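Down below is the structure, laid out as structure tokens.
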Amino acid sequence: MAQDKTIKSHYRHVLGVPLDDRKAINSYTINDTEALSTTPVYPTSPPGSEQDTMTPDGLITMFWSLSVSSFAVGGMIASFFGGWLGDKLGRIKSLLVANIFSLVGALLMGCSKLGPSHILIIAGRGISGLYCGLISGLVPMYIGEIAPTTLRGALGALHQLALVTGILISQIVGLDSVLGNNHHWHILLGLSAVPALLQILLLFFCPESPRYLYITLEEEVKAKKSLKRLRGSDDISKDINEMRKEKEEASSEQKVSIIQLFTNSSCRQPIIVALMLHMAQQFSGINGIFYYSTNIFQKAGIRKPVYATIGVGAINTVFTALSVFLVEKAGRRSLFLIGMVGMFFCNIFMSLGLVLLDKFTWMNYVSMVAIFLNVSFFEIGPGPIPWFIGAELFSQGPRPAALALAAFSNWVCNFLVALCFPYLAEFCGPYVFFLFSGVVLGFTLFTFFKVPETKGKSFEEIAAEFRKKGRSAERPKPAVEMEFLGATETA
């Protein structure tokens, strides 16, 4: 988010467009890759020339849109291969490979001041998207496989906590007074190399997933060694017995492909649940909240709404941390439902505040409260839970393919929301959040009727529950049918 703002400000600067008066210059000549060099581009042909011209606002929007969308496209592409890479190289080696993309992307963006900045930024963002796409499947899979059953949800929520903490830090260092200015913007863009380097160093001390070693590679000795390191104890009999049962079940299953996730009765229901939860996360309206937040803060009389936006980021972080402690007590399903119900009402109040803004000035504060509460409810459940519950719904065989597909669906939905929301906002105006309320209500009902509670259950217990449902769904009901036929014949 801070990167996007900084990139757009930089494009304005290199085009020579003042931030407070972007319409001061009417048009610029676009000359291949020199359009966004490190010096301003000025008109080089008289009015009426046949050379292509473009207004500064149009040029800024075009390059900024490419910078933003290249990240999403990279994420969509890479997310589809996360599971395959995890099985091919192992979880740790795959994460190391993924971090190479992060370093390359950060290097390109960090050096963008030295060359054609628009090309280097767009390329760097695309490569960084490849990194994020890979880890969006690899990290939840690794955490789910190494965590003990009693802490699996809490450790899974820590993944989301790390994400929102990173967003908050980027918002702070992206302030104009820190690095988000015309002199230091390239440093801000290159800073993503720091956590990548730190992760590479720490991964050398992380044990490989014992489930991957025991079930996929059939290396029991290495799996036991890894388990002892993770548990800090020599008593690993419970974990080994659980993995042995899972391995026996997996040995009777064939390798599951993406298509078989939908054709296999034991996988069909869990993959639908996983995909629906990811869709619920992206279509909940949370991105619209951030879209409107700055404008609402301005109308509420806040001089520097950027600080209020940082406040939203802080709330984001606090409630994600709260979910880490609640997820093992309240359960995944309960927290997700609480979050969705809360967002349903917040979206209604958000629209009411925007609709009645011109009639009642105090409606600004209703909208502000709705923003903060919406973010809070999102991070309690819909934010973190879809990422790790997917790993809980599948056994070792179909898990990589399922998580890859789930991550891919999340990126696609994110891209669609980013692409379509400005048009929806323009068409619906302040009523757009009523639309999101209806969507959230639909996903809430689906969660209530279809999503099981996975708290405190082993992978095998969860998989067995879905297999049982799959068999009962496929099995005909002879008693009911015969009773009906008999009644018909009697009549």
Side-chain angles (χ1 to χ4, degrees), residues 1-20 22 36-40 56 59-61 63-72 74-75 99 101-129 131-132 135 161-201 290-291 293-294 297-298 302-318 320:
M1 199 179 301
Q3 274 194 356
D4 295 344
K5 172 180 173 291
T6 304
I7 290 168
K8 197 167 188 178
S9 298
H10 161 64
Y11 286 156
R12 291 172 182 165
H13 172 66
V14 297
L15 283 171
V17 183
L19 295 180
D20 55 346
R22 289 182 288 138
L36 273 180
S37 63
T38 54
T39 57
L59 186 61
I60 291 164
T61 302
F63 283 117
W64 180 70
S65 298
L66 285 172
S67 301
V68 174
S69 60
S70 63
F71 180 81
N99 274 279
F101 289 106
S102 180
L103 289 175
V104 173
L107 182 65
L108 289 174
M109 291 189 290
C111 297
S112 56
K113 201 171 184 179
L114 305 176
S117 56
H118 64 304
I119 293 177
L120 292 174
I121 288 173
I122 292 169
R125 291 273 293 179
I127 294 172
S128 296
Y131 159 74
C132 288
I135 66 165
L161 179 61
L163 292 177
V164 297
T165 302
I167 292 172
L168 178 61
I169 293 171
S170 71
Q171 287 176 327
I172 295 171
V173 298
L175 290 170
D176 290 344
S177 57
V178 188
L179 295 177
N181 51 60
N182 292 330
H183 301 290
H184 303 114
W185 59 267
H186 61 292
I187 299 175
L188 173 62
L189 299 184
L191 271 181
S192 55
V194 175
L197 284 171
L198 180 62
Q199 189 177 68
I200 287 173
L201 292 174
F290 288 113
Y291 182 88
S293 61
T294 301
F297 292 143
Q298 285 176 333
I302 297 175
R303 288 185 177 182
K304 294 186 177 182
V306 64
Y307 292 108
T309 304
I310 291 175
V312 173
I315 294 291
N316 217 5
T317 306
V318 169
T320 306

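For the numbers below, each heavy atom of this structure counts, side chains included, while hydrogens, waters and symmetry mates do not. Keep in mind that this is a model prediction, so the values were computed, not measured. Quick note: residue numbers are just sequence positions, from 1.
- Side chain of Ser112 to backbone of Leu120: no donor-acceptor contact under 3.5 angstrom is found.
- Among all heavy-atom pairs drawn from Leu161 and Thr317, the shortest one is CD1-O, 3.6 Å.
- A donor-acceptor pair is defined here as one N or O able to donate and one able to accept, closer than 3.5 Å; no such pair exists between the side chain of Asn99 and the backbone of Ile200.
- In this structure, NE2 in His184 is found 12.0 Å from CG in Asp176, a value given to the nearest 0.5 Å.
- Heavy atoms only, all atoms of each residue included: Val178 and Ile172 are closest at CG2-O, 3.6 Å.
- Taking each heavy atom of Phe297 and Val312 in turn, the nearest pair found is CZ-CG2, 3.8 Å.
- Scanning for ring pair (Phe, Tyr, Trp, His ring centres under 6.0 Å) contacts around Tyr131 gives an empty result, with sequence neighbours left out.
- Summarising the geometry, atom CD1 belonging to Ile121 is positioned 11.0 Å from atom NE2 belonging to His186; distances are rounded to the nearest 0.5 Å.
- Going from atom CD1 of Ile167 over to atom OG1 of Thr320 covers 9.0 Å, rounded to the nearest 0.5 Å.
- Here OG of Ser102 is found 11.0 Å from CG of Leu107. Values are rounded to the nearest 0.5 Å.
- With a 4.5 Å cut-off on side-chain heavy atoms, Ser117 and Trp185 count as touching.
- For the pair Phe71 and Cys132, the minimum side-chain heavy-atom distance is below 4.5 Å.
- Ser67 contributes atom OG, which lies 10.0 Å from atom CE of Met109 (distance to the nearest 0.5 angstrom).
- Here the closest heavy-atom approach between residue Val68 and residue Arg125 is recorded as CA-NH2, 3.7 Å.
- Between the side chain of Lys113 and the backbone N or O of His183 there is at least one donor-acceptor pair closer than 3.5 Å.
- If you take CD on Gln199 and CD1 on Ile135, they are separated by 6.5 Å, rounding to the nearest 0.5 Å.
- When all heavy atoms of Gly313 and Gln171 are compared, the pair lying nearest together is CA-OE1, 3.6 Å.
- The heavy-atom pair separating Leu168 from Ala314 by the smallest distance is CD1-N, 3.7 Å.
- In this structure the side chain of Leu191 reaches within 4.5 angstrom of the side chain of Leu179, judged on heavy atoms.
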